[in-house]
Number of protein chains: 2
Amino acid sequence: MILKSPRTVKSSQSLPDPTAQSESFRANREARRKVLVEDYVELISDLLEESQEARQVDIAARLGVSQPTVAKMLARLVADGFVVQKPYRGVFLTEAGQKVAEEARARHRIVEAFLRALGVSEESVLVDAEGIEHYVGDETLAAFKRAIDGGLHDFINRLVTR
Amino acid sequence: MILKSPRTVKSSQSLPDPTAQSESFRANREARRKVLVEDYVELISDLLEESQEARQVDIAARLGVSQPTVAKMLARLVADGFVVQKPYRGVFLTEAGQKVAEEARARHRIVEAFLRALGVSEESVLVDAEGIEHYVGDETLAAFKRAIDGGLHDFINRLVTR
DNA sequence: AATATAATATAGCTATTGCTATAATTAAGG
DNA sequence: CCTTAATTATAGCAATAGCTATATTATATT
Ligand SMILES: [Mn+2]
Ligand SMILES: [Mn+2]
Ligand SMILES: [Mn+2]
Ligand SMILES: [Mn+2]
């Protein structure tokens with residue numbers, strides 16, 4: 001499977017097909033609704049692995065939000081069946097929660113590895129991956145993986161050294 | 001400047017430095033607050049270029065939201081000084097609005113071109129770029145540009161054909 | 001066991017982003 | 001000009017995501 005040369009690919013118009021465009025925006029509003037769930041559940045999973053507990057105060061400190069904000073969000077995650085709370089002992093993940101956490105972490109790590117391979121600094125990798133991860137579809141994720149495995153890194157090196 | 005081999009780069013821990021992590025989340029909440037402004041203003045600019053007018057109904061159709069939703073958002077964009085309204089003649093961009101639109105469009109196009117160069121399908125490019133564009137920092141954007149200019153495309157082709 | 005500390009809960013507020021239903025207004029066509 | 005159709009405005013509602021201030025409760029320490 002050979003890609004067409006970029007020169008022969010018709011450059012994108014300013015305005016895509018109206019239906020395609022509105023579907024894109026819809027898909028992104030949908031993705032935006034899942035961002036907090038993914039970030040919380042992934043973080044809870046990380047905290048549990050590191051210290052066997054995930055308390056509201058730790059979550060709040062890691063996210064940079066207040067404890068009542070976390071309390072409210074956890075109530076939603078409980079209602080959605082992703083976490084369970086042990087009173088004054090923090091929260092734990094349900095099966096469903098663990099599944100979301102693992103998928104989120106896998107995506108997150110691939111995006112991070114990809115940005116690193118592109119030569120982005122560690123600080124920018126941290127910040128940008130935290131946002132980008134939520135908007136990378138399966139196909140794009142696969143392309144990122146290919147690029148990492150395939151040795152994008154060496155390629156960049158070759159470019160950088162002329 | 002030669003990059004270290006990926007094998008020698010210490011794999012990222014599950015949990016980054018707490019301060020760095022909370023700063024990442026803060027930065028992303030900040031970025032999230034700008035998403036709608038960027039999407040609206042860029043779309044208005046595109047509509048104006050295409051048809052010399054940008055009406056609420058057209059914007060609503062393109063975004064896949066209701067007209068009152070657009071009306072409310074336009075009030076905010078007017079208050080923020082990005083657009084002006086001509087009654088029953090749609091909206092137009094101020095100088096500030098045009099600047100935001102041009103920057104947003106430039107970023108959007110680079111992200112699209114980059115995903116295309118990676119071999120992502122046109123549909124996925126449309127959807128994913130619409131989200132990713134808002135979370136790509138200057139440094140990552142520069143890396144995308146380098147990769148496009150540098151001939152990432154040919155590199156992918158080489159990979160794909162073994 | 002009493003107390004101090006840490007953790008969580010709750011109340012009450014604000015801003016944002018969406019919706020439906022309906023009213024009001026303007027622009028266009030006859 | 002008058003009417004109709006298109007466009008915009010407005011009212012009222014809901015969900016989400018944040019905040020501060022304060023109360024409550026559990027855990028840990030003495
Ligand atoms: Mn993540
Ligand atoms: Mn994230
Ligand atoms: Mn855009
Ligand atoms: Mn966008």
Side-chain angles (χ1 to χ4, degrees), chain A residues 18 22-44 47-48 51-80 82-92 130-131 134-135, chain B residues 18 22-41 43-44 47-48 51-80 82-92 130-131 134:
Chain A
S22 60
E23 282 313 306
S24 285
F25 281 118
R26 269 179 210 287
N28 274 283
R29 284 195 297 275
E30 191 67 26
R32 204 152 60 222
R33 283 193 24 241
K34 296 179 185 156
V35 168
L36 276 189
V37 170
E38 291 168 0
D39 282 344
Y40 268 78
V41 166
E42 185 189 353
L43 174 58
I44 289 165
L47 287 169
L48 286 173
S51 60
Q52 288 73 53
E53 54 185 26
R55 297 173 141 77
Q56 290 188 14
V57 282
D58 306 326
I59 298 168
R62 287 274 172 185
L63 294 176
V65 299
S66 72
Q67 170 265 323
T69 294
V70 172
K72 202 185 290 187
M73 189 63 195
L74 289 181
R76 180 177 143 197
L77 294 178
V78 168
D80 290 355
F82 294 126
V83 315
V84 291
Q85 290 180 292
K86 296 200 189 171
Y88 289 81
R89 288 255 117 100
V91 295
F92 300 87
E130 195 58 74
H134 308 284
Y135 304 94
Chain B
S22 61
E23 280 314 306
S24 285
F25 281 119
R26 269 180 210 288
N28 274 284
R29 284 195 296 275
E30 191 65 27
R32 203 153 59 222
R33 284 192 24 239
K34 295 177 185 157
V35 168
L36 278 188
V37 169
E38 290 168 2
D39 283 343
Y40 268 79
V41 166
L43 174 57
I44 289 165
L47 287 169
L48 286 173
S51 60
Q52 287 72 52
E53 53 184 26
R55 298 179 192 293
Q56 290 187 14
V57 282
D58 307 326
I59 298 167
R62 288 272 172 187
L63 294 177
V65 298
S66 71
Q67 170 264 322
T69 293
V70 172
K72 203 183 287 188
M73 187 63 194
L74 289 182
R76 179 178 143 195
L77 294 178
V78 168
D80 291 353
F82 294 127
V83 314
V84 291
Q85 290 180 291
K86 296 199 188 169
Y88 290 80
R89 290 254 116 103
V91 295
F92 300 87
E130 194 58 74
H134 308 284

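Keep in mind it's a predicted model, so treat the numbers as computed, not measured. Keep in mind that the numbers below use all heavy atoms, side chains included, and drop hydrogens, waters and symmetry copies.
- The shortest side-chain heavy-atom distance between A:L43 and A:L63 falls under the 4.5 Å cut-off.
- The interatomic distance linking B:L74 (CG) with D:dT7 (C1') rounds to 13 Å, in whole Å.
- B:F82 is not listed as a side-chain neighbour of B:I44, based on a closest heavy-atom distance of 4.5 Å or more.
- In this structure B:E23 satisfies the salt bridge (charged side-chain N to carboxylate O under 4.0 Å, His left out) test together with B:R26, sequence neighbours excluded.
- Atom CG in A:N28 sits roughly 12 Å away from atom P in C:dG18 (whole-Å rounding).
- B:R89 places its CZ atom 12 Å from the P atom of C:dT26, with the value rounded to the nearest Å.
- Across the protein-nucleic acid pair, B:Y40 atom OH and C:dT16 atom P stand 14 Å apart, rounded to whole Å.
- For DNA chain C, the residues of residues 53-63 of chain A within the heavy-atom distance limit of 4.0 Å (strictly under) are A:R55, A:Q56, A:V57, sorted by number.
- For A:Y88 against D:dT27, no side-chain N or O and base N or O form a donor-acceptor pair under 3.5 Å.
- Using a 4.5 Å cut-off on side-chain heavy atoms (C-beta onward), A:F25 and B:V65 make no contact.
- Counting only heavy atoms from C-beta outward, the side chains of A:I59 and A:L47 approach each other to under 4.5 Å.
- Taking side-chain N and O atoms only, A:R26 has no distance below 4.0 Å to OP1 or OP2 of C:dG18.
- B:S22 approaches A:A61 most closely through the heavy-atom pair CB-O, 3.4 Å.
- No side-chain donor-acceptor contact under 3.5 Å links A:D58 to the backbone of A:A54.
- When each of A:P87 and A:V65 is assigned the nucleotide of DNA chain D with its nearest heavy atom, A:V65 is the one assigned upstream, toward the 5' end.
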Contact letters for nucleotides 10-16 of chain D, in which S counts primed atoms plus P, OP1 and OP2 and B counts the base, heavy atoms under 4.0 Å: B-----S
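- Looking at heavy atoms from C-beta onward, A:V91 lies out of side-chain contact with A:K86 at the 4.5 angstrom threshold.
- We find that NZ of A:K86 is positioned 12 Å from P of D:dT27, with the value rounded to whole Å.
- Summarising the geometry, the separation between CD on A:Q85 and C1' on D:dA26 is reported as 14 Å, rounded to the nearest angstrom.
- Applying the 4.0 Å criterion to OP1 and OP2 of D:dG18, one finds that A:S66 has every side-chain N and O outside that range.
- Within the structure, a side-chain polar atom (N or O) of A:R32 is placed less than 4.0 Å from OP1 or OP2 of C:dG18.
- Ion pairing between B:R55 and B:E53 holds under the 4.0 Å rule for side-chain N and carboxylate O.
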